[in-house]
Amino acid sequence: MRTEVDFAPMWAVPPGRTISDLMNTKGVASSRLADLVDMSERQLAGLITGKNPLTAGVAARLEDALGTPASFWLRREEQYRKQLAELNEGVDAENEEYKTWLKSLPLKEMQSLGWVDTARDKQEKLRSCLDFFGVPNLDAWYRTYVDLKAAAAFRTTDAYLEHAPATAAWLRQGELQAETIECQEWNPQLFSSQLAKIRGLTQIAEPSEFLPKLRALCAKAGVAVVTVKAPKGCRASGATFFAGPKKAVLLLSFRYLTDDQFWFSFFHEAGHLVLHWDPDLLILETSDGPKSPQEEEANQFAMDLLIPRELQQRLPAASKALIGITRLARDAGVSYGIIVGQMQFRGLVRPDRYNRLKTRYKWEQLTAEE
């Protein structure tokens, strides 16, 4: 998802990265290496991430365990601490640029949602936000996230830049949650074939029942399905991007909390993955803005999957009575709410008609199974 840059490295790489690589190469388990270097597994994890310093004693034990000279480890540690200090230089909560950036974030919501720590100290609060985005300083944040508007290829709004920090936070949380979902390798053909099975899930009212099934079906085809509440300032309803060349992410905000909107958004995003997928592309959906040909294609893809074209011809007649709606939903194998939503979208019924047939969700339901 992230914007790539070609200049000045933004990251300080701890010696632990090399330790981890050597462990994988030599087939040494973390529990075994922890014993060899006289550490607990927790201490070793801290060493690998750079949280714990690599001392002369540890370097000597690593030489015995992995065969790499202690002098090498000590040089790597010195380089890392120097790089870290340079990256942290000027990272000050009293700096006007950092103050402005913090104010632009939906910080209270990010804290209440558990995305960042509820630190009171200004410097800790700043560090918590930078850590959330996985960047060492504000320069790195801009270089990583500032081009989101350009990357959001299809739907955008004139006000997007104003809300870019909130949208970036939503996308970042989706990225972090996607990392916890195990998937097979991305397989567009298999994903496309899974969609017919997924359509049947629309008849299940409880998110705690259909979301695990939805995620499992998608994960088999290399797609991590993530639902993240959009914070204030983020108008996104959905997004698709790749967390790597072999893992697609389909991110939804459940913005309208009704079954017709959720499922149409899902199949619309699925349409982008099937029709337009590109490992380097982020597709961001918002509730307004101009529609491109790709958007129209994704809309049609979603309509045709939810209600096959031969059954779409029955929509005008079915909209005349409740029995017509229920029969069409049964024949299409989808929820009543989806049929109603499509009738409202096409102007066949008023927006205030038949809404009782839609399933409405609460966020407590959506997060209960996380």
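Computed from a prediction, not measured in an experiment: that's the story for all the values here. Along the sequence shown, residues are numbered consecutively beginning with 1.
- Within a 6.0 Å radius of NZ in K229, other residues, nucleotides and ligands contribute 12 heavy atoms or fewer.
- Looking at heavy atoms from C-beta onward, L273 lies out of side-chain contact with F301 at the 4.5 angstrom threshold.
- In terms of modelled atom types and a separation under 3.5 Å, the side chain of T240 and the main chain of E269 share no donor-acceptor contact.
- In this pair, F242 and W277 present their aromatic rings tilted. The plane angle is within the 30 to 60° band.
- In this structure, V228 and W115 have side chains that are in contact, with non-hydrogen atoms separated by less than 4.5 Å.
- A donor-acceptor pair is defined here as one N or O able to donate and one able to accept, closer than 3.5 Å; such a pair exists between the side chain of T326 and the backbone of I323.
- At least one donor-acceptor pair under 3.5 Å links the side chain of Q43 to the backbone N or O of S40.
- Taking NZ from K213 and NZ from K197, the interatomic distance works out to 13.5 Å, rounded to the nearest 0.5 Å.
- Using a 4.5 Å heavy-atom threshold, the side chains of N299 and E296 count as touching.
- In plain terms, the two heavy atoms of A298 and H268 that are nearest each other are CB-CE1, 3.4 Å.
- Residues P106 and K232 approach most closely at CB-O, 3.8 Å, considering heavy atoms.
- Annotation: side chain of W73 is in contact with side chain of L66 (closest heavy-atom distance under 4.5 Å).
- Note that CZ of F133 is 9.0 Å distant from CG of L130, once rounded to the nearest 0.5 Å.
- Of the inter-residue distances, the one linking L44 atom CG with D35 atom CG reads 10.0 Å to the nearest 0.5 angstrom.
- In this structure a side-chain-to-backbone donor-acceptor pair under 3.5 Å is missing from R61 to L36.
- Interatomic distance, I338 CD1 to L306 CG, rounded to the nearest 0.5 Å: 5.0 Å.
- Side-chain atoms of S20 do not come within 3.5 Å of backbone N or O of G16 as any donor-acceptor pair.
- Aromatic ring pairs are classed by plane angle as parallel below 30°, tilted from 30° to 60° and perpendicular above 60°; the pair F266 and F191 is perpendicular.
- Contact check for V58 versus M39: side-chain heavy atoms found under the 4.5 Å cut-off.
- Of the possible polar contacts, one joining the K247 side chain to the I181 backbone as a donor-acceptor pair under 3.5 Å is found.
- Other residues, nucleotides and ligands place no more than 12 heavy atoms under 6.0 Å from the CD atom of E182.
- Side-chain contact between L105 and M110 is present, with heavy atoms from C-beta onward closer than 4.5 Å.
- Across every non-hydrogen atom of W170 and A230, the tightest pair is CD1-CA, 3.7 Å.
- At least one donor-acceptor pair closer than 3.5 Å links the side chain of Q123 to the backbone N or O of A93.
- Checked by atom type and distance alone, the side chain of Q344 pairs as donor or acceptor with a backbone atom of R353 at under 3.5 Å.
- A side-chain donor from one of E295 and H272 sits under 3.5 Å from a side-chain acceptor of the other.
- Atom CD of Q300 sits in a crowded spot, with more than 12 heavy atoms from other residues, nucleotides or ligands closer than 6.0 Å.
- One N or O on the side chain of Q203 and one on the backbone of G333 form a donor-acceptor pair closer than 3.5 Å.
- S192 contributes no side-chain N or O that, together with a main-chain N or O of P188, makes up a donor-acceptor pair within less than 3.5 Å.
- In this structure, I198 and C218 have side chains that are in contact, with non-hydrogen atoms separated by less than 4.5 Å.
- Every residue two or more places apart in sequence or in another chain that forms a side-chain contact (heavy atoms from CB on, under 4.5 Å) with R346 is listed here: M303, Q312, L315, Q342, L348.
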For salt bridge (Lys or Arg N to Asp or Glu O under 4.0 Å), just list the numbers for E96 and K99, CA-CA rounded to whole Å, side-chain angles, deciding distance to a tenth of an Å, and then say yes or no.
CA-CA 5 Å; E96 287 301 321; K99 281 184 179 180; 3.6 Å; yes
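- Considering CD1 of I19 and CG of L62, their distance stands at 4.5 Å, rounded to 0.5 Å.
- Atom OG in S128 sits 10.0 Å away from atom CG in L102 (nearest 0.5 Å).
- The shortest heavy-atom contact between G324 and A318 is O-CB, 3.5 Å.
- Every side-chain contact (heavy atoms from CB on, under 4.5 Å) that N95 has, sequence neighbours left out, goes to D92, E97, Y98.
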Go through the steps for F132 and Q173 under the test side-chain contact (heavy atoms from CB on, under 4.5 Å), then give the verdict.
CA-CA 8 Å; F132 168 75; Q173 181 62 18; 3.3 Å; yes
Show your reasoning for whether salt bridge (Lys or Arg N to Asp or Glu O under 4.0 Å) applies to E124 and R127.
CA-CA 5 Å; E124 289 181 14; R127 178 49 59 193; over 6 Å; no
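- Between F262 and T359, the closest side-chain pair of non-hydrogen atoms is not below 4.5 Å.
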